[in-house]
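Encoded as structure tokens, the structure appears first; notes follow it.
Bear in mind the structure is a predicted one, so any value in this text is a computation, not a measurement. One-based numbering, in listed order, for ligands and for the atoms of each.
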Amino acid sequence: MAEDLQIAKGTKQAQYESLIPQITGLLAGETDLIANLANVAAALKVQFSWFWVGFYLVKNDELVLGPFQGPVACTRIKKGRGVCGASWEKAKTLIVPDVEKFPGHIACSSLSKSEIVVPVFLNEKVIAILDVDSELLNQFDETDQHYLEKIIALVNFN
Ligand code: SME
């Protein structure tokens, strides 16, 4: 396994295209879910320099903070609460261009301005979410949705 990530420049698409095979390499041969989620969060954070990247795992009908990169965050989120809880409840990716306009947004940090939350499915149930926050407004679009969903699909959540 290569231990250094090669950081790509260029379009968002080019950056994801460079990152995906590297994430595949990082995951290869490792079966521990926490280790793999930690490296996925780190790879995304280092490539894109987002404010916060991390996972929340569904445990006893709550989202509980999992591996992440960035400032300290809320540890538990109930279904339907905030962008993360809404993504879990609706079982779909949510792109929020301006978090202050999202009803019930949970501000772990006032520096976070836009956000994308991608649910992770196992046997058709949401078992985790990937949350990405930016300090800039309007940072996420369908390209991020496409690639982040693809990256999540690389992880074995079994
Ligand atoms: N803003 C999220 C909470 C999680 S943190 O930003 C890390 C939300 O509204 O669900």
(request) Can you sort out the partners of D98 under side chain to side chain donor-acceptor pair (under 3.5 Å), two or more places apart, ordered by chain and number? (result) none
For [X] versus [Y], what's the shortest heavy-atom pair and its separation?
X	Y	answer
I77	W88	O-CZ3, 4.2 Å
L37	P67	CB-CG, 3.7 Å
Q47	I7	OE1-CA, 3.6 Å

(request) Could you note down all residue pairs passing salt bridge (Lys or Arg N to Asp or Glu O under 4.0 Å) where residues 77-95 supplies at least one of them, sequence neighbours left out? (result) E62-K78
(message) Show me the pairs that pass disulfide bond (SG atoms under 2.5 Å apart) and involve residues 13-63, at least two apart or across chains.
(response) none
(message) Tell me which residues fall inside the under-4.0 Å heavy-atom shell around ligand 1.
(response) W52, Y56, A73, I77, G82, V83, C84, H105, I106, C108, E115, D131, D133
